[in-house]
Amino acid sequence: MLEKIKQFFINPYEKVKTYILEKIKEIIESTANDFTTINIEERKERYSLNWWFMNSLKWLIAAMLAVFTLLLWGCSGTAVTKYYPVSVPVACSVDIPLRPEYNENIVITNLNILAYAEKLESALEVCKNGGLND
């Protein structure tokens, strides 16, 4: 009984194994024949269609990479340098006037604030023109 079970499982396994090995051998031989040269009557060598396809595929991929590189290079932004004037702080000793105090009369308070702003502006104008540098 054990012999029948062994033959039932091992015999198909051996058949499948030999069939697969034969197919692999055929595939290897057919691909080897694709890359061999074929002599024509004029003694010129011509390569198989598979060889021509693989060579043209290499050039096609190289051309696609070149086009892709040019597209990325063309779409890249250029560095734009803009120059803006920058104010440089200068050491200057100016007597800052006292702030006006709040008055109940709004008109008088606003006039005092405007006078304070004018005094401050005239004092700082001296520093801007380069007057009192210490």
Side-chain angles (χ1 to χ4, degrees):
M1 177 82 175
L2 191 59
E3 281 301 315
K4 287 184 179 182
I5 293 174
K6 282 183 183 178
Q7 281 185 351
F8 181 76
F9 285 109
I10 293 176
N11 197 14
Y13 170 75
E14 291 295 328
K15 285 183 181 178
V16 169
K17 181 179 164 186
T18 55
Y19 177 76
I20 290 174
L21 288 175
E22 287 174 9
K23 287 297 178 184
I24 290 174
K25 189 184 280 185
E26 286 176 17
I27 291 171
I28 290 172
E29 288 174 2
S30 68
T31 55
N33 290 336
D34 284 345
F35 292 103
T36 59
T37 59
I38 301 169
N39 291 327
I40 305 178
E41 291 108 15
E42 294 97 26
R43 295 281 180 188
K44 292 182 182 174
E45 290 182 344
R46 181 175 62 89
Y47 292 96
S48 66
L49 184 63
N50 192 11
W51 183 86
W52 285 108
F53 177 72
M54 294 304 282
N55 255 1
S56 62
L57 192 63
K58 281 193 290 189
W59 286 106
L60 179 67
I61 290 173
M64 286 173 47
L65 283 174
V67 167
F68 186 68
T69 303
L70 287 175
L71 280 175
L72 287 180
W73 187 21
C75 294
S76 64
T78 57
V80 177
T81 306
K82 294 183 179 180
Y83 296 100
Y84 297 102
V86 178
S87 300
V88 179
V90 177
C92 182
S93 60
V94 175
D95 293 332
I96 299 174
L98 295 174
R99 287 187 173 188
E101 293 184 15
Y102 176 74
N103 195 344
E104 301 243 347
N105 191 351
I106 295 176
V107 176
I108 295 175
T109 304
N110 286 341
L111 287 174
N112 290 340
I113 290 174
L114 286 173
Y116 172 76
E118 283 183 21
K119 287 178 190 174
L120 205 62
E121 192 175 310
S122 64
L124 293 177
E125 192 69 34
V126 173
C127 284
K128 184 178 175 185
N129 295 334
L132 298 171
N133 287 339
D134 286 327

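All values below come from the heavy atoms of this structure, side chains included, with hydrogens, waters and symmetry mates left out.
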Does Leu57 CG have over 12 foreign heavy atoms under 6.0 Å away? yes
Give a yes or no on this: more than 12 heavy atoms of other residues, nucleotides or ligands lie within 6.0 Å of atom CG of Leu98. no
Taking atom CD1 as the centre, does Ile106 end up with more than 12 heavy-atom neighbours from other residues, nucleotides or ligands that are less than 6.0 angstrom away? no
Carboxylate-amine/guanidinium proximity below 4.0 Å for Glu26 and Lys23: yes
Answer yes if Leu65 and Leu60 sit in the same cluster of Ile, Leu, Val, Met, Phe, Trp and Tyr residues linked by side chain heavy atoms under 4.5 Å apart, and no otherwise. yes
Does a sphere of radius 6.0 Å around CG in Asp95 hold more than 12 heavy atoms from other residues, nucleotides or ligands, not counting ones at 6.0 Å or beyond? no
Going through the checks in order, is the side-chain contact (heavy atoms from CB on, under 4.5 Å) test met by Trp73 and Leu70? CA-CA 5 Å; Trp73 187 21; Leu70 287 175; 3.9 Å; yes
OG1 (Thr109) and CD (Glu104) are apart, to the nearest 0.5 Å, by 9.0 Å
If you measure from CG on Asn103 to CD1 on Ile113, what distance do you get to the nearest 0.5 Å? 10.5 Å
Nearest 0.5 Å, what's the CG-CZ distance between Leu120 and Arg99? 9.5 Å
Is it possible for you to say whether Ile61 and Met64 belong to one hydrophobic cluster, with membership spreading through side-chain heavy-atom contacts below 4.5 Å? yes
Test log, rule side-chain contact (heavy atoms from CB on, under 4.5 Å), inputs Asn110 and Leu114: CA-CA 6 Å; Asn110 286 341; Leu114 286 173; 5.5 Å; no
In short, Pro97 meets Tyr116 closest at the heavy-atom pair O-CE1, 3.3 Å
